[in-house]
Amino acid sequence: MMNCLQSWPEPVVRVQSLSESGIRAIPDRYIKPPSDRPGFENQEHVDIPVVDLKNLFSHDRTLHEETLKLISSACKEWGFFQAVNHGISHELMKRTREVWREFFNSPLEVKQEYANAPTTYEGYGSRLGVQKGAILDWSDYFFLHYLPVHLRNPSKWPSLPSSCRDLISEYGAEVVKLCGRLLKAMSISLGLKEDHLQNAFGGEDIGACLRVNFYPKCPQPDLTLGLSSHSDPGGMTLLLPDHDIAGLQVRKNGNWITVKPVPNAFIVNVGDQIQVMSNAIYKSVEHRVIVNSVKDRVSLAFFCNPKSDLLIEPAKELVSEDRPALYSPMTFDEYRLYIRTYGPRGKTQVEFSGSNR
């Protein structure tokens, strides 16, 4: 099956170039079926939970346990929360986001040096999935591997702006630490040993990668999406959103809720692998991205994933006669291949892996 992933099935068009060309109507390739188009009707006055992490490792047991309960409730009810007081420098977050904005505003020939292929996805891209004739999303991106270290290839990271490589390194190290703290918190709140999820991910040998999303201005934002509805195939995602303008929508009770970013917060979401390991106690939830006719947007999604060749299955402690294992064991590599073939498609993949029983 990997043979079909060697190259893109048709010439790649940069969405930013389309946007900057001054077109008034988007090409048919980006027009979603009516059922998938964003509705701009009045939203409910509801937002995903905000969790203050400052007490997560407090010596005050009561405050610590309250924070764990908030994380647990958010992961069960929403699959998402915004984390504040997370310990990462706000200045580092701002500089990292701005250096990527500079990269996407570089001349096309500079960015094209990093053009990617579907074999690894690493580099500058404009589509997910390799199906010929697929309806595409209104976005460009840059994808890179951060962990394990042997997959890290700084020569594939942008050398311009000149601070980009150092910032990727520094930002990645800080976000990995935060992922470790959150994995501990999730393990404890599931009633598991604190290192259970980290160990299930591969201990010190976990996977981590970064996708920087660029959502150009769109003349017809009501006809397309920046990123189609999907749940994240990996373990956990930490999103640094654009501080200026909302775009992420989360599905709740059949409605799409637009997330209003809290200043200097990370948006944390459960991925499919934690849904599997928790035996569906914690939920990976569908989300998508809408685009805007007035402003470009930049966001950074940092994916914390299991080591790719480990079998992922429900924790034995969370399986009982009353609640049998809902998923068959599968490696993350096998799982990810589905997404890389078909692109983002709601929650079809995690549902498929649960139907094999």
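Along the sequence shown, residues carry numbers from 1. Owing to the predicted nature of the structure, the values given are computational and were not obtained by experimental measurement. Side chains are part of it too, since the values below use all heavy atoms of this structure and drop only hydrogens, waters and symmetry mates.
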Exercise. Check the hydrophobic clustering (I, L, V, M, F, W, Y; side-chain heavy atoms under 4.5 Å; chains of links allowed) and say if Val262 and Phe81 are grouped together.
Key: no
Exercise. Please list, chain by chain and in numerical order, all residues satisfying ring pair (Phe, Tyr, Trp, His ring centres under 6.0 Å) with Tyr171, sequence neighbours excluded.
Key: none
Quiz item: Can you name the residues that form a side-chain contact (heavy atoms from CB on, under 4.5 Å) with Lys69, not counting sequence neighbours?
Solution: none
Practice problem: Classify the side-chain pair Ser299/Tyr141 by whether it contains a donor and acceptor separated by less than 3.5 Å. | Solution: no
Self-check item: Partner of Tyr327 under side-chain hydrogen bond (donor to acceptor under 3.5 Å, both in side chains), chosen from Gln275, Glu313, Gln273
Solution: Gln275
Practice problem: Using a strict cut-off of less than 4.0 Å between a Lys/Arg side-chain nitrogen and an Asp/Glu carboxylate oxygen, indicate whether Lys32 and Asp137 qualify as a salt bridge. | Solution: yes
Self-check item: Under 3.5 Å donor-acceptor, His287 side chain and His230 backbone
Solution: yes
Quiz prompt | Test: Arg29 and Glu10 ion pair at under 4.0 Å | solution = yes
Practice problem: May I ask you to decide whether Asp195 forms a salt bridge with Lys193, counting only side-chain N to carboxylate O separations under 4.0 Å? | Solution: no
Exercise. Step through the shown structure and confirm whether more than 12 heavy atoms of other residues, nucleotides or ligands are within 6.0 Å of NE2 on His90.
Key: yes
Exercise. Please determine, by modelled atom types, if Asp272 and Tyr335 share a side-chain donor-acceptor pair under 3.5 angstrom.
Key: yes
Quiz prompt | Glu65, CD: over 12 other non-hydrogen atoms inside 6.0 angstrom | solution = yes
Quiz item: Does Trp100 have its ring centroid less than 6.0 Å away from the ring centroid of Phe142?
Solution: yes
Quiz item: Is His243 reaching over with its side chain to a backbone N or O of Pro263, donor-acceptor style, under 3.5 angstrom?
Solution: no
Quiz prompt | Backbone N/O of Ala173 and side chain of Tyr146: donor-acceptor pair under 3.5 Å | solution = yes
Quiz prompt | Side-chain H-bond candidate by donor/acceptor type, Thr331 with Asp309, under 3.5 Å | solution = no
Quiz item: Does atom NZ of Lys307 have more than 12 heavy-atom neighbours, drawn from other residues, nucleotides or ligands, at distances under 6.0 Å?
Solution: yes
Quiz prompt | Donor-acceptor under 3.5 Å (Thr224 side chain, Tyr30 main chain) | solution = yes
Quiz item: In terms of side-chain geometry, is the basic nitrogen of Glu98 or Lys94 positioned less than 4.0 Å from the acidic oxygen of its partner?
Solution: no
Exercise. Flag the pair Asp242 and Arg101 as a salt bridge only when some basic side-chain nitrogen lies within less than 4.0 angstrom of an acidic carboxylate oxygen.
Key: yes
Exercise. Would you check if the distance from the ring center of Phe214 to the ring center of Phe104 is below 6.0 Å?
Key: yes
Quiz item: Between Ser106 (side chain) and Glu102 (backbone), is there a donor-acceptor pair under 3.5 Å?
Solution: yes
Quiz item: Who passes ring pair (Phe, Tyr, Trp, His ring centres under 6.0 Å) against Phe303, sequence neighbours left out?
Solution: none
Self-check item: Asp60 side chain to Leu63 backbone, donor-acceptor under 3.5 Å
Solution: yes
Quiz prompt | Ring-face cation contact, Trp78 with Lys283, 6.0 Å cut, 45° max | solution = no
